[in-house]
Every structure is written in structure tokens, then in C-alpha cells.
Amino acid sequence: MFAVMKDTNYAVKQTFIENFFTDWRKILGKNHIIKKFELCDFTPIYEWHLREKEKKKQMTTEEKKALREEKLKQEEKYMWAVVDGVKEKVGNFRVEPPGLFRGCGEHPKMGKLKRRIQPSDITINIGKGAPVPECPIPGECWKEVKHDNTVTWLAFWNDPISKKDFKYAFLAASSSLKGQSDKEKYEKSRKLKDHIQTIRDNYTKDFISKDVTKRQIAVATYLIDKLALRAGNEKDNGEADTGGCCTLKVDNVTCISPNKLQLDFMGNTVEIEELVCKAIECFHAGKKAGAALFDKLDTTTLDAHLNDLMPGLTAEVFRTYNASITLDGILHEETEDGTLLEKIDVYQRANKEVAIICNHQCCVSKSHDAQMSRVNEKIDKLKGRMDELKVDLSKVMEGRSLGNYKDGKPKRNLAPEIGHLTKSTCRIEKKISTLESKIEKMEIDKKIKEDLKTAALGTSKIKYLDPRITLSWCKRHEVPFEKS
DNA sequence: GGTTGAACTTAGTATATCGCAA
DNA sequence: TTGCGATATACTAAGTTCAACC
């Protein structure tokens, strides 16, 4: 497990190594010859792993296909569950295999061994009288078989890394159960549309409330609405150190008077209301680094307040609402009668805008730099060609010969006689202008690529954009749904 | 009224697959 | 046909919410 991770940056992190070695030594036992991590050479195992990977890569398409079909055949019987008489797809029917825990950020438990899950760890939830799924390991049995029809999970086990956490087997996202709850989510966010003006008026008033708690609630709601922050629950020590709105520390937030704000986990400074800036400066006063910005606030308090404003309103609803309405707005404003590609481009840009609002990030891809320099090369080449054309143009203007190409062949003289001057300069000029727009387009593409190297579009599309907005736009503008 | 914990949603990453241009 | 980049999917960690409990 460790050797396979040799080329990741986990393998060089002290916490990761320490946690890994502690757990490994437990397995090795006190008297084992292996005592020091530094003396272990994992290279042979790593090289074996690389060879196996290469073997897999070398397989022909048919071999891969056969393998896939064989796997599918074996899994078929685990892929479905009958719920209220309807066959539904199961999301995850495999337990998490053993491995080394990979937490996000500087997680204190990274590298710990995630042990194998046994049938005796697993609780099954099925209908009363339904046949109990056969335990796949002979001689072992399930921890428990329950018949709870008030929950949607099919099975669960305790997370071996964080004992108090559970891992569940649920139905797939395409199941009617998940679809139904998705629909309810989007209906709720549509309902917010009818309340949003009142809510915004309300918190704007409270920016200057004498009551500190009220003022903190107002500013927190504003940040959630305006910057699409997530709620920010308290977490135990021993978990990843990340934060949302309610857990903001004074050092996460810098005010730039009179109306700008810098959040350390977001790239740019953002423009905010001056009164919000003043309020935040006030919340800062007298606090040391590491202190909570909203000391009078937690998610329970905040959600209670939101629930008063609109039944069922929570912090997350603002994100869904703002994401979906942004998509709708951009699609309405910017879609023009154009080619299919142009329409899809509008959709993409709207999607990207939403991803930026929701701060959906990803790592820069390994090949990003290489891709960029390839684009740069292409642009340079085109620019070189452009310079040549310009020289040609001036020569033609002066009635001179164009000379030869590098390979010695004479350049096609576009204007052998002065009489054709206008026509030939036109042709060169036209070439120059198409080249110009080509370069321009590439420069724009390059900029977009660079700007969005850390933006992930998938999450907002699946979790925050009401599919009905996309569907109706597709219908209106004759774009096939699967292209959006 | 605050705390805890169960259940469920959201998020990011590794990997597989797709689709298009060279 | 191939190889690359874009896109989809699988996986699992991290987060939210709500209700039970004390």
C-alpha cells in the first residue's frame, strides 16, 4: 500500500509516514526485524506496480472489453434493489477496500491503515420477510439484519478510521428516491426566490443593529448569500482544518476599507457593502489570531434564524438558489441565434461562472504546463507567419517581387503587375485579418484555460443547477440535452 | 437550549471512456 | 489510427441537517 503511493506527495509527508509506520509495526509485531522506516526500500514493490500498470495498458481493446464484461456479469446480482416493488439501481455495493487513509489538506490521520471490512462489521437493511442476502464469505455472517423502512440505506458499517462515523450503501443517484429528494431541493430553492428580497432587506437593516448577535447573523447571512459560503459546522480536533462561514477565524478574513474583502481561501478580493466591511472590522476588534470571527454564532443559531425567515430555509439553499438563478440569468441574457457551438459556449461560460461563485476548485492538472507551452508555441508560429505576410504586403505595395520561400521555390506573386495591386493587397490583407482573428481566439482560449485551471465544473452542474433550467433552454434553442 | 449522532448531500481526485484532430 | 484532451464515473472524504437526547 505504501510503495504504490511512492510518487504521490503523501509519501513524503511526515504525518503520513509516521501514521503508516505506527500501524504497520502493530502488524509486524514487537520482535520483527523491521524496526526503522528509513531502512526500508520500497522501490522493488513500486517497480513491480509500474510493470503491472504497464501490462494493463498494453492489453488490446478486445481484451479490456472482455475483462469489463466478465466483471459486469459477476456484479450484476449486486447492482439492484427492489424498493416498493420497483427495481432500483444501487449506488455503492462494494465496501471500501483496505488502504492507507488519504485525508484532505493536512489531515492528522493521513497514512493510517484503513483495515479490511468483514461481513461481521456490516448491518443489512431489508424488507421484513425479504430473503437475507447471502454472506459472501463461508462461515461468517452479517453483524445484524434490520427492517427499518424510515431510512434509505441498504447497509452500513463503522468507518475504521473515525469510529464514530458510518459508511453507507445507498441507492444510485439515478434512483427515484434520490431523484425525488433532488427535486424537493430545487423546489425549495425556487421558493427562496419569493422571499429573497425581504431577506436581503432584512439583513441589510441589521448591518447596523445595536445587538451584536443580530449584526453577526446579518453579516453571516450576507456572506452566505453574496459569496456562497457554506454553513461551517464546528469540527472535532483530529479532523481536517477547513472552515465555512460560522467557523471563520479573524485571520481568514481581511477587510480592505472601504468596501473590499479578502478571504484567504479564495483567490480574489471581493467587493462588499461598506456597512459589512465596517461590521467585520468591528468583529475583529480585540481578538487574537485564531479567534472566531462570529463568536456569537454557530450553524444551529444561524439555521434557526433562517428557518424563521422561510420554513425549511438553510444555508445550503442559498447556494442552490444563487447557482441556479445565475445560470438562468446568463442563459437568458447571452444566448443568441448562432451556431450550436456558440450556444454551447454560452452554456459552458454560465457553468463556469457558477463554479467560480461556489468556489469549486480542483488541482491543476499534471499536463497543464505542457499544454500551455504547446498553445504558446502555436501562437508564436502564427505570429511568425503574420510577420511574413506583413513583409509580403509591404513588398507588394512597393511593387517588388516577393522573393523565395525557404525551400527556394518562388513565392506565388500575387501582384505581378501594378494594375493588380488593389486586388492582391486585398488578398494578403484578408489573410492577415483571418490570421489575426485566429490568434485572437487562441489568446482568449489560452486566457480562459489559465483562469480556469483550478475551477471544477462538474460539482456545480450536478449539485446546484436545476436541470429543468438546462432542459428548457435546450428545448428553446434546439440544443440536444446531452450536449449541455 | 445545547449536544450528539444518524443519515444524507456535497466535493475533489483518480481512473475510465469518449471524441476529435493530426 | 493514434494520441491527446475533455468528459463521465467511481470512490470516499468532508460537510450539512435534523431530530433525539440530556
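Per chain, numbering begins at 1; letters A, B, ... match sequence-line order. Since the structure is predicted, the reported quantities are computational estimates derived from the model, not experimental observations.
- Both A:T459 and A:K146 lie near DNA chain B, and the one whose nearest nucleotide falls closer to the 5' end is A:K146.
- Neither OP1 nor OP2 of C:dT16 sits under 4.0 Å from any side-chain N or O of A:T299.
- Judged by distance alone, the side chain of A:T213 and the main-chain N or O of A:K296 form no donor-acceptor pair under 3.5 Å.
- Backbone-only contact: A:D303 has heavy atoms under 4.0 Å from sugar-phosphate atoms and none from a base.
- Using the six-membered ring where Trp is involved, A:F101 and A:H107 have ring planes that are perpendicular, over 60° apart on the 30 and 60° scheme.
- Contact annotation: A:K461 side-chain N/O to C:dT7 OP1/OP2 distance is not under 4.0 Å.
- Between A:E96 atom CD and C:dA10 atom C1' there is a gap of 12 Å when expressed in whole angstrom units.
- Ring geometry for A:Y222 against A:Y203 counts as perpendicular: the plane angle is over 60°, on a 0 to 90° scale with 30° as the lower cut.
- For the pair A:H368 and C:dG5, the criterion of a side-chain N or O lying under 4.0 Å from OP1 or OP2 is not met.
- Chain A approaches DNA chain B within less than 4.0 angstrom (heavy atoms of the protein), and the contacting nucleotides run 5' to 3' from B:dA6 to B:dT17.
- At least one side-chain nitrogen or oxygen of A:N233 sits closer than 4.0 Å to the OP1 or OP2 atom of C:dT16.
- Aromatic ring pairs are classed by plane angle as parallel below 30°, tilted from 30° to 60° and perpendicular above 60°; the pair A:F166 and A:F156 is perpendicular.
- In this structure, A:I462 and A:D298 both approach DNA chain B, and ranking their closest nucleotides by distance from the 5' end singles out A:D298.
- A:K235 has its NZ atom 14 Å from the P atom of C:dA13, to the nearest Å.
- Close to C:dA13, at under 4.0 Å from its OP1 or OP2, lies a side-chain N or O of A:K114.
- Ring pair A:F20/A:W24 is parallel by interplanar angle, where below 30° counts as parallel and above 60° as perpendicular.
- Here C:dA8 presents its P atom at 17 Å from CZ of A:R68, a figure rounded to the nearest Å.
- Annotation: of the two residues near DNA chain C, A:N92 and A:K188, the 5′-most nearest-nucleotide partner is A:N92.
- In this structure, A:K112 atom NZ and C:dA13 atom P are separated by 13 Å, rounded to whole Å.
- One atom, NZ of A:K109, and another, P of C:dA14, lie 10 Å apart when rounded to the nearest Å.
- Nucleic acid contact for A:G458: none, since no nucleic acid atom lies under 4.0 Å from a heavy atom of the residue.
- The closest donor-acceptor contact from the side chain of A:K13 to the backbone of A:E106 lies at 3.5 Å or more, if one exists at all.
- Protein atom CD1 of A:I117 is 15 Å distant from nucleotide atom P of C:dC11, rounded to whole Å.
- Within 4.0 Å of A:F170, counting heavy atoms only, lies at least one base atom of the nucleic acid.
- If you check C:dT12, C:dT16, C:dT7 against the side chain of A:A231, the one that comes closest is C:dT16.
- Distance A:D148 CG to C:dA19 P: 15 Å, rounded to the nearest Å.
- Between the CG atom of A:D159 and the P atom of C:dC11 there is a distance of 17 Å, given to the nearest Å.
- Within the structure, a side-chain polar atom (N or O) of A:R94 is placed less than 4.0 Å from OP1 or OP2 of C:dC11.
- Using a 4.0 Å heavy-atom criterion, one finds that A:Y464 contacts the sugar-phosphate atoms exclusively.
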Derivation of the salt bridge (charged side-chain N to carboxylate O under 4.0 Å, His left out) call for A:K6 and A:E47: CA-CA 10 Å; A:K6 206 167 143 59; A:E47 279 167 358; over 6 Å; no
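- Of the two residues near DNA chain C, A:C245 and A:A370, the one whose nearest nucleotide lies more 5' is A:A370.
- A salt bridge does not link A:D387 to A:K383: none of the charged side-chain nitrogens sits closer than 4.0 Å to a carboxylate oxygen.
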